Amino acid sequence: MVRPDNDTYFMRMAELVATRSTCLRRNVGAVVVKEKRVLTTGYNGAPKGLRHCAEVGCVRLQNHIASGTRHELCRGVHAEQNAVIQAAYFGVSIKDSTIYTTNYPCVMCAKILVNAGIKEIVYEEEYIDELSRKVLDESGVTVRRYVPAAPPTDE
């Protein structure tokens with residue numbers, strides 16, 4: 001039996017959470033973890049009770065808005081934002097926790113994660129947002145890319 005390491009375990013959870021996304025452009029999942037325990041999850045999509053983008057269309061696609069720009073022109077709430085909101089909604093402290101996210105956070109999410117007290121961000125896929133990188137570099141939050149562990153060999 002091959003048991004996944006903690007990074008693989010939590011990143012696979014983030015990938016599963018991303019399957020709940022209702023975004024037409026990008027499916028993102030996030031899992032907030034502290035002391036090897038899941039605290040909250042989040043995926044990107046329309047706010048609670050609102051129609052999904054699949055029903056009403058994507059403002060960003062319709063207006064040819066480039067990825068990584070004009071984040072405010074979107075119906076959706078980002079996965080990282082939803083994970084932080086879920087913590088606040090249920091009264092769960094995420095101070096000094098780690099967030100596993102399927103994509104590098106945008107600048108809006110980066111600022112929220114810094115202020116929420118997240119100490120580490122583990123991401124899977126790159127996302128071009130230079131201001132986000134600058135904010136996170138200055139903040140002292142540890143940021144690292146998830147690299148899957150090599151499968152064991154029979155040698």
Side-chain angles (χ1 to χ4, degrees), residues 1-61 65 67-69 71-129 132-133 135-136 139 141-151:
M1 179 173 130
V2 178
R3 185 173 183 223
D5 61 62
N6 287 323
D7 278 352
T8 300
Y9 178 63
F10 294 123
M11 191 57 75
R12 284 184 185 164
M13 284 186 190
E15 291 165 355
L16 179 62
V17 171
T19 66
R20 295 281 302 152
S21 170
T22 60
C23 181
L24 298 175
R25 288 179 71 153
R26 176 177 284 115
N27 302 125
V28 182
V31 176
V32 178
V33 176
K34 187 171 184 177
E35 298 176 13
K36 301 180 186 177
R37 303 289 184 263
V38 174
L39 300 178
T40 65
T41 65
Y43 55 86
N44 58 329
K48 182 170 61 173
L50 274 63
R51 292 182 296 159
H52 299 300
C53 297
E55 298 173 73
V56 298
C58 175
V59 173
R60 295 177 60 79
L61 283 174
I65 298 169
S67 181
T69 65
H71 301 290
E72 76 280 6
L73 297 178
C74 178
R75 289 180 60 82
V77 179
H78 291 189
E80 302 93 331
Q81 295 168 348
N82 272 325
V84 171
I85 291 165
Q86 189 180 88
Y89 189 88
F90 289 105
V92 175
S93 173
I94 57 174
K95 183 177 185 277
D96 297 326
S97 62
T98 297
I99 189 166
Y100 287 82
T101 182
T102 57
N103 287 80
Y104 192 94
C106 73
V107 68
M108 290 186 334
C109 290
K111 293 185 287 186
I112 289 168
L113 296 174
V114 168
N115 277 2
I118 298 290
K119 70 173 183 180
E120 182 178 35
I121 298 168
V122 182
Y123 70 96
E124 189 168 27
E125 299 293 327
E126 289 290 345
Y127 181 75
I128 300 167
D129 190 330
S132 176
R133 291 187 191 285
V135 165
L136 291 171
S139 74
V141 171
T142 300
V143 180
R144 62 185 172 87
R145 187 165 189 179
Y146 166 71
V147 178

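Here the structure is a predicted model, which means the values were calculated and not measured.
Residue pairs meeting the salt bridge (charged side-chain N to carboxylate O under 4.0 Å, His left out) criterion with at least one partner in residues 109-122, sequence neighbours excluded, are E120-R144. Screening residues 1-32 for ring-ring contact (aromatic ring centres under 6.0 Å, His included), with sequence neighbours left out, gives F10-Y100. The list of salt bridge (charged side-chain N to carboxylate O under 4.0 Å, His left out) pairs with a residue in residues 22-39, not counting sequence neighbours, is empty. Under the side chain to side chain donor-acceptor pair (under 3.5 Å) criterion, the residue pairs touching residues 78-94 are E80-T101, with sequence neighbours excluded.
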Give every donor-acceptor pair under 3.5 Å between a side-chain atom in residues 45-55 and any protein atom, sequence neighbours left out.
residue: H52; atom: ND1; partner: T22; partner atom: OG1; Å: 3.3
residue: E55; atom: OE2; partner: H52; partner atom: N; Å: 3.0

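Shown here for N27 and S21, the closest heavy-atom pair between the two residues is ND2-OG, 3.0 Å. Closest non-hydrogen pair, V32 versus A83, comes out as CG2-CB, 3.8 Å. S139 approaches V114 most closely through the heavy-atom pair CB-CG2, 3.6 Å. Counting all heavy atoms, side chain and backbone alike, I94 lies closest to A87 at CG2-CB, 3.6 Å. Closest heavy-atom contact between L113 and I99: CD2-CD1, 3.9 Å. For the residue pair P105 and I121, the shortest heavy atom distance occurs at CG-CG2, 4.0 Å.
To the nearest 0.5 angstrom, C23 atom SG is 8.0 Å from L61 atom CG. Note that CZ of R75 and SG of C58 are 10.5 Å apart. Values are rounded to the nearest 0.5 Å. Here the straight-line distance linking atom CG of N44 with atom CG of L24 works out to 10.0 Å at 0.5 Å rounding. One distance of note links CG of N103 with OH of Y127; it measures 8.5 Å at 0.5 Å rounding. With rounding to the nearest 0.5 Å, the separation of OG1 in T98 from CD1 in I118 is 7.5 Å.
Side chain of R145 to main chain of Y123: no donor-acceptor pair is present (N/O by atom type, distance under 3.5 Å, no hydrogens or angles). Between the side chain of D129 and the main chain of V107, a donor-acceptor pair closer than 3.5 Å is present. Under the 3.5 Å distance criterion, the side-chain polar atoms of S132 are left unmatched by any main-chain donor or acceptor of A110.
Between S97 and the options V92, T40, L39, a side chain to side chain contact (heavy atoms under 4.5 Å, CB included) holds for only L39.
C74 pairs by the side-chain contact (heavy atoms from CB on, under 4.5 Å) definition with R60, not counting sequence neighbours.
Within a 6.0 Å sphere centred on CZ of R20, heavy atoms belonging to other residues, nucleotides or ligands number 12 at most.
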